[in-house]
J.: 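Structure provided below as structure tokens; questions to follow.
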Amino acid sequence: MEYNSNNVFAKILRGEIEINKIYEDDFALAFYDITPKAKIHALVISKAMVVDFADFIEHSNAAEIEGYMRAIVRTAEKLGVIEDGYRLVFNSGKNSGQEVPHLHAHILGGEKLPTGQL
Ligand code: AMP
């Protein structure tokens, strides 16, 4: 899928939509999900304009990949979920139900999460 900069996360990166910011660096911006699916639910969006995980890996160098992964951990640290644990989800493509076609990781935690499918 070709990247389309009309998506909501591209607008957030351009400062056109307000967010509740948790963390930001050169590689990522993290904020709270607007419709939380767990007690703590954050999104870590890439600053790279890529649709999903495969697109990101295909079009990024090692430093960019490392930077984004580290930003996810920095965000989890800020949220205070490292010790008790959390779930990291990358929805990719239509079978996953991905709604926003801009790379993002969901961090879910703050409570015992349901298991079953995962
Ligand atoms: P996905 O289904 O993986 O594409 O997840 C997209 C997520 O973005 C959903 O959990 C939405 O609730 C969330 N979302 C959409 N718009 C916003 C927004 N303006 N601020 C925060 N989260 C949003």
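Numbering starts at 1 and runs along the sequence shown. When a ligand or atom number is given, it counts from 1 through the structure's own listing order. Treat the numbers as computed from the prediction; the structure is a model and nothing was measured.
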J.: Any N/O of V8 closer than 3.5 Å to an N/O of ligand 1?
T.: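 The answer is no, given that V8 and ligand 1 share no N or O pair closer than 3.5 Å.
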J.: In the structure I gave you, are the side-chain heavy atoms of R87 and H106 within less than 4.5 Å of one another anywhere?
T.: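 No, every pair of side-chain atoms sits at 4.5 Å or beyond.
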J.: Can you sort out which atoms of ligand 1 are near N91, meaning under 4.0 Å from one of its heavy atoms?
T.: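 Selected atoms, number and element: 1 (P), 2 (O), 3 (O).
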J.: Please write down residue, atom name and distance for the protein heavy atom closest to atom 21 (C) of ligand 1.
T.: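 Minimum-distance protein heavy atom for atom 21 (C) of ligand 1 reads I34 N, 3.3 Å.
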J.: Which of the numbered atoms in ligand 1 are below 4.0 angstrom from a heavy atom of Y32?
T.: 21 (C)
J.: Contact between L103 and D55 at the side-chain level, heavy atoms closer than 4.5 Å - yes or no?
T.: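 Contact flag for L103/D55 side chains = no.
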J.: Short list, please: which atoms of ligand 1 are under 4.0 Å from a heavy atom of H106?
T.: 1 (P), 3 (O), 5 (O), 7 (C), 10 (O)
J.: Taking NZ, NE, NH1 and NH2 as the nitrogens, is one of them in E64 or K47 under 4.0 Å from a carboxylate oxygen of the other?
T.: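 No, no charged N to carboxylate O under 4.0 Å.
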J.: Of all heavy-atom pairs between V89 and N91, which one has the smallest distance, and what is that distance?
T.: CG1-OD1, 3.7 Å
J.: Let me check something: do F53 and L43 share a hydrophobic cluster, defined by ILVMFWY side-chain heavy atoms less than 4.5 Å apart, either directly or through other members?
T.: no
J.: Would you say F90 contacts ligand 1, with heavy atoms under 4.0 Å as the rule?
T.: no
J.: Please check this pair: side chain of Y23 against backbone of A76, looking for a donor-acceptor N/O pair closer than 3.5 Å.
T.: no
J.: Closest non-hydrogen protein atom to atom 4 (O) of ligand 1, residue and atom name please, with distance?
T.: E99 N, 2.7 Å
J.: Consider every N or O of I19 and every N or O of ligand 1, then say whether any pair is closer than 3.5 Å.
T.: no
J.: Which residue owns the protein heavy atom closest to atom 8 (O) of ligand 1, what's the atom, and how far is it?
T.: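 Of the protein heavy atoms, F9 CZ, 3.3 Å lies nearest.
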J.: Under 3.5 Å between any N/O of Q98 and any N/O of ligand 1: does that happen in this structure?
T.: no
J.: Can you find a pair of side-chain heavy atoms, one from I72 and one from F90, that are under 4.5 Å apart?
T.: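 In short, these two side chains touch, coming nearer than 4.5 Å.
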J.: How far is atom 11 (C) of ligand 1 from the closest protein heavy atom, and which atom is that?
T.: D33 OD1, 3.5 Å
J.: Taking the side chain as every heavy atom from C-beta outward, state whether R74 and V44 have any pair of such atoms under 4.5 Å apart.
T.: no
J.: Which of the numbered atoms in ligand 1 are below 4.0 angstrom from a heavy atom of L43?
T.: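 Every atom of ligand 1 under 4.0 Å from some heavy atom of L43: 8 (O), 13 (C), 22 (N).
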J.: Counting heavy atoms only, which of E18, H104, K37 comes nearest to atom 5 (O) of ligand 1?
T.: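 Heavy atom nearest to atom 5 (O) of ligand 1 belongs to H104.
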J.: In terms of atom number and element, which parts of ligand 1 are under 4.0 angstrom from non-hydrogen atoms of G97?
T.: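 The atoms of ligand 1 under 4.0 Å from a heavy atom of G97 are 2 (O).
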